[in-house]
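Both counts, for ligands and for their atoms, begin at 1 and track the order of listing.
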Amino acid sequence: MKVIIFNLLEEVVTGAHGEHAWADMIEVSGVSGVYTSLGSYPDAEVLALVDTAATLLGQSHADVLRGFGRSAMPLLAARYAHMFTPHRDARSFVGSVNTIIHPEVRKLYSGAACPHFHVTDHEDGALIIGYQSPRHLCALAEGFVLGASDQFGESVMVDHLTCMMDGQPLCRLAVRWLP
Ligand code: HEM
């Protein structure tokens, strides 16, 4: 996983619980904890950190990923404002993830293994996001979508119609806008 994901996790954890919490998480997780060079670090380290946070907070692994994704979005918006400014709403922003945002991320971070999404409009007004990745980080995707809607001052509900965690071939997330 690219270093930015570790840096965002550190920023979210220290922002919410203080620097000592990040240091504790590094120690308990048994990871290197040095995420400085512009490279990639093992996925297993980010997963170990998420597991530790889940234990410390008494939450599920999915809840931690979801919360992390949601809290990371304003940090991404501050760093990559140009990815957000062309959009007037979350639907347009989320719809551009596969075609504009992640392709740009792959250029910025050589070797980035961003997931591919299949985004379609459902006749009932929902946005359907098909997600498939060997990393099975659908809860992170959900958190990013929630964070994006916060960013545009909107309120959404995200439902998993199918989930890779239940042995399905792909996740299908239905995003519905609340009045
Ligand atoms: C709603 C919007 C977004 C969604 C749903 C989304 C979803 C995801 C997910 C689920 C991953 C985990 C990798 C995997 O599943 O295989 C990921 C990775 C990543 N995303 Fe996004 N993302 C969004 C927006 C952004 C934005 C705005 C950035 C801006 C920089 C970004 C940068 C990255 C990076 C750097 C990675 C790590 C790739 C790697 O380490 O190889 N994403 N994204």
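Annotation for Leu178: atom CG counts as buried by contact number, over 12 foreign heavy atoms lying within 6.0 Å. Shown here is Glu27, whose CD atom has no more than 12 heavy atoms of other residues, nucleotides or ligands within 6.0 Å. Atom NE2 of His122 has more than 12 heavy atoms from other residues, nucleotides or ligands within 6.0 Å.
Counting only heavy atoms of the protein, atom 37 (C) of ligand 1 lies nearest to Ile5 CG1, 3.7 Å. Regarding atom 13 (C) of ligand 1, its nearest protein heavy-atom neighbour is Arg135 NH1, 3.4 Å. Looking only at heavy atoms of the protein, atom 6 (C) of ligand 1 is closest to Phe144 CD1, 3.1 Å. Looking only at heavy atoms of the protein, atom 2 (C) of ligand 1 is closest to Val97 CG2, 3.2 Å. If you check which protein heavy atom lies closest to atom 22 (N) of ligand 1, you get His102 NE2, 3.0 Å. When hydrogens are left out, the protein atom nearest atom 16 (O) of ligand 1 is Ser133 OG, 2.6 Å; that is the closest non-hydrogen contact. Atom 27 (C) of ligand 1 has Ile101 CG2, 3.6 Å as its closest protein atom, hydrogens excluded (heavy atom only). In terms of protein heavy-atom proximity, atom 15 (O) of ligand 1 is nearest to Tyr131 OH, 2.6 Å.
Among the candidates Val94, Leu127, Val119, Val158, the single residue satisfying the side chain to side chain contact (heavy atoms under 4.5 Å, CB included) test with Leu173 is Val158.
Residues Val145 and Met83 are members of one and the same hydrophobic cluster, defined by side-chain heavy-atom contacts under 4.5 angstrom among Ile, Leu, Val, Met, Phe, Trp and Tyr.
Listed by number with element, the atoms of ligand 1 under 4.0 angstrom from any heavy atom of Ile4 are 35 (C). Residue-ligand proximity, Phe117 to ligand 1, at heavy-atom distances under 4.0 Å covers atoms 5 (C), 7 (C). Per-residue contacts place Ala113 under 4.0 angstrom from the following atoms of ligand 1 (heavy atoms of the residue considered): 16 (O), 39 (C), 41 (O). Close contacts between ligand 1 and Leu137 involve ligand atoms 10 (C), 12 (C), 15 (O) [criterion: under 4.0 Å to a heavy atom].
The two residues Phe84 and Ala77 come nearest to each other via the heavy atoms CE1-CA, 3.4 Å. Listed here is the closest heavy atom pair of Pro103 and Val97: CD-O, 3.6 Å.
Considering only non-hydrogen atoms, atom 35 (C) of ligand 1 lies nearest to Val105 out of Leu76, Asp43, Val105. Of the candidates Ser96, Gly95, Pro115, it is Pro115 that places a heavy atom closest to atom 18 (C) of ligand 1.
Counting only heavy atoms from C-beta outward, the side chains of Leu57 and His17 approach each other to under 4.5 Å.
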